Amino acid sequence: MGEEKHYERAKTPKPAEAERHDDGHGRDDGRLRDIEHRVGDDLKKAVEYERADIAETGREWRDQLHNDGAELAADLERDKEKLRQAADDARHPERVAEAAEEKLAHVADETLEVAHAVEHPSVIVADAKQVVAEKKHALDATAATIAAEFTSPADEKRLPVVLRAFGVLLIVGSGAALPGIAKSIYHAVALFGSGGMTGEGTSTIVVNFLHLAVLVALAITFIVFGVRLIRNQRRWAALMSYALYVLIVAGGLCSIMLDGISYDLVFYLVVLIITIALQSYLDPTLLEERRAHRKAREAEERKEGEAGTLGRDPSGKGYITLNFFNLFWIFVVASILGLFMEEIVHFLFVVPGQWQDRAGLLFGPFSPIYGCGAVLMTLFLNRFHKSNWLIIFLVAAVIGGAFEALTSLFMQYAFGAVAWDYSNMPGSLFGGRTSLPFMGCWGLLGVVWIKLLLPFMLRVVNFIPWNWRYVLTTVAACFILVDAVMTLQSLDCWYERLSGDPVDTPIQQFYDHEFNDTYMADRFQSMTIHPSDAVRGK
């Protein structure tokens, strides 16, 4: 008995050992269960993925079989239709014979027409006459359309007797002036041929002949204008006024170069005012069209201003709309930016540390050569804003160089003024009026202007409220116009003082008192005047 008890105690494990055995066995079972769960989840996911892939493949096969079946059915239907048509033709062979006969008959008719035309050439002539008559009718219709463009309901209203008398005066006065102009041309040519103009410069001779040519063109245009008035062709006369504008401006510039700011300009100013007044009166439809266009444009500007697209070209052909508002503010913004750019370049590179006022007008921070250059580049490059930069560079270089040379030519011929001279620079052109390096600068400015600055300028201008823009633009334009006129007058008086001419007229006395030589030299620091270089006075 004692031995059995001892044996049972030996078989029974100690409590600590039993606890350790149970804990180890439980942890192993937990790991196995986790592994089984993960394997089971992966198997489920793999099975689901395979099932989805098999389902997708089945759908694709079913769709492909359906499409192939539809195409096969369509092909079978077409083949059946062809077989039915062939069987029908086989049952009715007369149809095939009729089709062949119709084709042969058509060929025979064409052959007979050719043979008839060969035997009777008059048929060819008649056909040609018919073609000519049709073309003449088309030309007459085109001419009628063009004539309608140059006529208006106002032509049915008779002009007042005063305007008809004015037309007669234009014809008589211009006709009487032509012999005098022709005589002046004859004397100028004879004097030039005999060497009597050797004392005058080539520029003086060229400007003189150019002025005489403009006067001849003006006289002839006035005669035609007067004929239109007498014949009551209002719209023709109104449209001819555009040619008069060009000739008046050209004549005024020639007069400034030859005689400066003189009383001769009064003639051109009076003619310009009369032409503007007559254009609006002669054809009221032009004025009505402009008013209707302005009203429609105001409505569009309201919508564009609200949408933030004001000033953009709605047709998409160009970047901006080429109207007076946009072009004027382009001139103003470019004049200011160009002035500051030139002054900074002079301060940093030309004469380091020296600030020079390089303004081009009597009042305000404006350099009109940059403003006019920006306007010209915008006019010529507006439709090329998406073009390759190299094209923009070349066009801008030519435009900027030509404009710079012409401006220098006018300033020197009119006032003996020199604001820039590139004679000592490599690549100098036109006597130093421009140069290849500066044409390259104009090209770069054109690229920067069209690609970067023009969008910036448009955003700046669009800050002007749309309902203020007409009033503000009118006021600013009047200021710029007065500034430009006073600048020309002050330069003219500066030239006369340096030439030793007496200061006796009220205008000269005013500018001599308010804008003397010291003031002008300080205002236009980059400009010098040499009276001997001017065209006049020679």
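If you're wondering where the values come from, they're calculated on a predicted model, not measured in any experiment.
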Is it true that [Y] and [X] share a donor-acceptor pair across their side chains at a distance under 3.5 Å?
X	Y	result
W420	T434	no
E404	Y422	yes
S423	D421	yes

Item checked: D522 vs D357, side chain to side chain contact (heavy atoms under 4.5 Å, CB included): CA-CA, chis, key distance, verdict -> CA-CA 8 Å; D522 182 66; D357 188 355; over 6 Å; no

Rounded at 0.5 Å granularity, tell me how far [atom1] in [X] sits from [atom2] in [Y].
X	Y	atom1	atom2	answer
F325	L327	CZ	CG	11.0 Å
I181	H211	CD1	NE2	9.0 Å
L210	I205	CG	CD1	13.5 Å
L362	L488	CG	CG	10.0 Å
L278	L229	CG	CG	7.0 Å
L258	L253	CG	CG	11.0 Å

Note to self: In the structure I gave you, are the side-chain heavy atoms of I507 and I261 within less than 4.5 Å of one another anywhere?
What the structure shows: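 Heavy-atom side-chain distance check fails, nothing below 4.5 Å.
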
Within a reach of under 6.0 Å around [atom1] of [X], are more than 12 heavy atoms found that belong to other residues, nucleotides or ligands?
X	atom1	value
F430	CZ	no
N388	CG	yes
F456	CZ	no
F410	CZ	yes
F403	CZ	yes
L379	CG	yes
W355	CH2	yes

Check: Applying the side chain to side chain contact (heavy atoms under 4.5 Å, CB included) test to Y511, which of M520, E496, Q489 qualifies?
Finding: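 The option that passes is Q489.
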
Item checked: For T487, the option from D492, L361, V482 that meets side chain to side chain contact (heavy atoms under 4.5 Å, CB included) ->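 Option passing the side chain to side chain contact (heavy atoms under 4.5 Å, CB included) with T487: L361.
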
Residue pair [X] / [Y]: nearest heavy atoms and the distance that separates them:
X	Y	answer
T528	H530	OG1-NE2, 3.3 Å
S408	R433	OG-NH1, 3.2 Å
M377	G446	SD-CA, 3.6 Å

Margin query: What verdict does the side chain to side chain contact (heavy atoms under 4.5 Å, CB included) test give for F384 and V395, after you've listed the backbone C-alpha separation in whole Å, the side-chain angles of each residue and the deciding distance to 0.1 Å?
Written below: CA-CA 10 Å; F384 297 93; V395 176; over 6 Å; no

Do side-chain atoms of [X] reach the backbone of [Y] as a donor and acceptor pair under 3.5 angstrom?
X	Y	result
D483	F363	yes
Q508	C493	no
S174	I220	no

Checklist line | Step-by-step side chain to side chain contact (heavy atoms under 4.5 Å, CB included) determination, M425 to F438 | finding: CA-CA 10 Å; M425 180 178 293; F438 275 90; 3.2 Å; yes

Identify every side-chain donor-acceptor pair in residues 329-353 under 3.5 Å, counting partners at least two apart or on other chains, and give the distances.
| residue | atom | partner | partner atom | Å |
| --- | --- | --- | --- | --- |
| W329 | NE1 | T473 | OG1 | 3.0 |
| S335 | OG | F331 | O | 2.6 |
| E342 | OE1 | Y370 | OH | 2.9 |
| E342 | OE2 | R358 | NE | 2.5 |
| E342 | OE2 | R358 | NH2 | 3.0 |
| E343 | OE2 | R358 | N | 3.3 |
| H346 | ND1 | Q354 | O | 3.3 |
| H346 | NE2 | Q356 | OE1 | 3.4 |

Notebook entry, point to check: Among all residues two or more places apart in sequence or in another chain, which pass the salt bridge (charged side-chain N to carboxylate O under 4.0 Å, His left out) test with D259?
Noted result: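 Partners of D259 by the salt bridge (charged side-chain N to carboxylate O under 4.0 Å, His left out) criterion come out as none, since no residue qualifies.
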
Check: salt bridge (charged side-chain N to carboxylate O under 4.0 Å, His left out): which pairs involve residues 389-399, sequence neighbours left out?
Finding: none

